[in-house]
S.K.: 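There's a structure below that I have some questions on.
Chain A is the first sequence line, chain B the second, and so forth, proteins listed ahead of strands; every chain is numbered from 1. Bear in mind that the values here come from a model prediction, so they are computed numbers and not experimental data. The analysis underlying the following values was restricted to heavy atoms, covering all of them including side chains, and did not include hydrogens, waters or symmetry mates.
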2 protein chains.
Amino acid sequence: MATDSPAVKRLPRAQRREQLLDAATRAFARSGYAATGLDDVAAEAGVTHVILYRHFASKAELYLAVLDRACARLSQDVGPSTGEFDDNAIPALLRAAAADPEAFRLLFRHAAREPEFRDVVDSVRSASAEIAHRHLREAIPAGPWQQWATQLVPALTLEAAIAWLDAGQPDDPVHAAQRISQAIEGVIQAASG
Amino acid sequence: MATDSPAVKRLPRAQRREQLLDAATRAFARSGYAATGLDDVAAEAGVTHVILYRHFASKAELYLAVLDRACARLSQDVGPSTGEFDDNAIPALLRAAAADPEAFRLLFRHAAREPEFRDVVDSVRSASAEIAHRHLREAIPAGPWQQWATQLVPALTLEAAIAWLDAGQPDDPVHAAQRISQAIEGVIQAASG
DNA sequence: TGTATTGTACAAGGTAACTTAAACAAGCTG
DNA sequence: CAGCTTGTTTAAGTTACCTTGTACAATACA
């Protein structure tokens with residue numbers, strides 16, 4: 001009764017590394033950095049925790065690699081539209097969220113609240129904050145309520161995107177983005193009133 | 001040159017316990033449970049970490065005591081209005097947030113995302129979810145967008161409250177609540193469209 | 001004055017998790 | 001086949017933090 005299935009899947013180095021990053025993204029997305037052990041990551045990837053050290057020098061470096069890749073993909077998907085045209089930014093955000101929901105949740109549910117790694121996500125955060133401010137500066141009189149809206153609009157956008165994921169991604173990103181824009185408009189009007 | 005100031009502040013037991021809970025609330029509010037050491041809490045309180053064990057059996061019990069107290073105060077402030085009248089719920093929420101901003105942030109920025117302690121906050125979470133659902137059931141046709149709004153409205157309310165704290169609590173809670181209600185209305189219309 | 005309470009200082013035990021090492025098995029490529 | 005790479009198993013080293021114990025100083029109060 002020899003085990004016919006090899007039970008051991010070997011992968012070339014680069015491919016294994018990507019698979020480890022995928023697994024780590026899912027594992028860390030559940031409970032964040034501190035509450036996730038290397039054994040959790042290894043189990044998610046189907047390997048032993050020892051193998052992690054053949055690809056990453058430490059837990060922190062693994063986490064940084066995960067965050068960096070997630071940020072890079074997000075910037076690549078959303079970034080192009082931020083320069084000129086805001087109408088395309090939210091659909092692009094939704095497409096990016098749908099393309100890798102776990103990474104999206106990891107970045108904005110956990111990493112954004114972990115002071116140790118906050119600066120990694122800050123590239124994305126500051127970009128969205130700047131978009132929001134540029135969008136609101138003309139629509140809302142300066143003052144505390146403008147500050148309120150500037151902080152709230154990015155948060156609302158992200159929460160709306162996550163709720164859209166949780167609701168099963170109804171409609172297509174373009175129409176969903178129209179609803180989110182409408183919700184944002186509600187915040188703007190509330191801040192202007 | 002004897003030290004004229006005693007440099008040691010002694011407190012009766014009950015009072016010290018309250019002070020420790022206050023300090024622990026502030027300390028945990030910064031980075032959550034896992035990332036906050038007992039030494040951080042002790043330093044925040046101005047005592048040695050040993051003294052914590054004279055009042056709480058363990059770190060987990062201390063954290064639970066902090067969360068319980070925060071939830072109890074919140075329920076006491078907000079709870080009465082949830083039975084019948086929603087117009088008073090959001091002002092009450094804002095007053096509670098203003099009364100103890102650190103506790104508010106701790107509950108909804110950190111504890112809500114810590115699986116180990118999620119059930120402690122669930123009393124508050126489920127209450128707000130039920131209010132949202134009751135409020136939206138009639139206004140939005142059933143379907144994924146109703147689910148979207150049901151998840152998004154509580155999140156928006158909390159984020160709006162935190163942004164209101166960060167903006168320096170402009171206006172009074174009643175008028176601020178009107179703005180937040182207006183923003184919520186935007187989400188409802190977005191989900192109904 | 002004396003006693004209980006509060007707090008400190010210092011030390012040590014325990015545990016969970018991160019990290020590294022060594023020996024072995026098995027696939028891929030020349 | 002020979003050798004390199006990938007992966008496993010097992011175990012041990014290391015660190016950080018939680019937890020407990022003992023001895024001592026200082027304050028409040030009868």
S.K.: Expressed as a whole number of angstroms, how long is the span from Arg17(A):CZ to dG7(D):C1'?
M.R.: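 In whole Å, dG7(D) C1' lies 18 Å from Arg17(A) CZ.
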S.K.: Within the distance-only criterion (no hydrogens, no angle test), does the side chain of Trp148(B) pair as donor or acceptor with the backbone N or O of Ala160(A) below 3.5 angstrom?
M.R.: yes
S.K.: Rounded to the nearest angstrom, tell me the gap between atom CZ in Arg13(A) and atom C1' in dC28(C).
M.R.: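 Distance, rounded to whole Å: 16 Å.
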S.K.: Looking at dG7(D), dT19(D), dG7(C), which one has an atom nearest to any side-chain atom of His55(A)?
M.R.: dG7(D)
S.K.: What integer distance in Å separates His49(A):NE2 from dA12(D):P?
M.R.: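 Result: 14 Å.
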S.K.: Please report the distance, rounded to the nearest Å, between CG in Asp39(A) and C1' in dT20(C).
M.R.: 15 Å
S.K.: Would you say dG7(D) has OP1 or OP2 under 4.0 Å from some side-chain N or O of Thr48(A)?
M.R.: no
S.K.: Can you find a side chain N or O atom of Arg10(A) that sits less than 4.0 Å from OP1 or OP2 on dA25(C)?
M.R.: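 Arg10(A) to dA25(C) OP1/OP2: no side-chain N or O under 4.0 Å.
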S.K.: Measure up the Phe117(A) and Tyr63(A) rings against each other and bin them: parallel (under 30°), tilted (30 to 60°), perpendicular (over 60°).
M.R.: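 The arrangement is perpendicular - the two ring planes meet at more than 60°.
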S.K.: So, is Arg54(B) close to the dT5(C) phosphate, meaning a side-chain N or O under 4.0 Å from OP1 or OP2?
M.R.: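 Checking Arg54(B) against dT5(C): no side-chain N or O falls below 4.0 Å of OP1 or OP2.
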S.K.: According to a strict under-4.0 Å criterion, is Tyr53(B) in side-chain N/O contact with OP1 or OP2 of dT19(D)?
M.R.: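 Answer is yes, contact under 4.0 Å.
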S.K.: Taking C-beta and beyond as the side chain, do His135(A) and Ile188(A) meet within less than 4.5 Å on heavy atoms?
M.R.: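 Side chain of His135(A) against side chain of Ile188(A), heavy atoms only: contact under 4.5 Å found.
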S.K.: Describe the nucleic acid contact of Val50(B) in one word from base, sugar-phosphate, nothing, applying a heavy-atom distance below 4.0 Å.
M.R.: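 Base, at least one base heavy atom under 4.0 Å.
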S.K.: Whole Å only: how far is the CG atom of Asp40(B) from the C1' atom of dC18(D)?
M.R.: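 Nearest whole value for this atom pair: 13 Å.
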S.K.: Could you tell me the separation between the NZ atom of Lys59(A) and the C1' atom of dA16(D), rounded to a whole number of Å?
M.R.: 12 Å
S.K.: Could Glu102(A) and Arg30(A) be called an ion pair, given the rule that one side-chain N must be under 4.0 Å from one carboxylate O?
M.R.: no
S.K.: Should the pair Lys59(B) and Tyr53(B) be classed as cation-pi, given the thresholds of under 6.0 Å to the six-membered ring centre and 45° from the axis?
M.R.: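 Lys59(B) over Tyr53(B) ring: no.
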S.K.: In whole angstrom, give the distance that lies between atom CD of Glu116(B) and atom C1' of dA16(C).
M.R.: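 Answer to the nearest Å: 13 Å.
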S.K.: Expressed as a whole number of angstroms, how long is the span from Leu62(A):CG to dT19(C):C1'?
M.R.: 14 Å
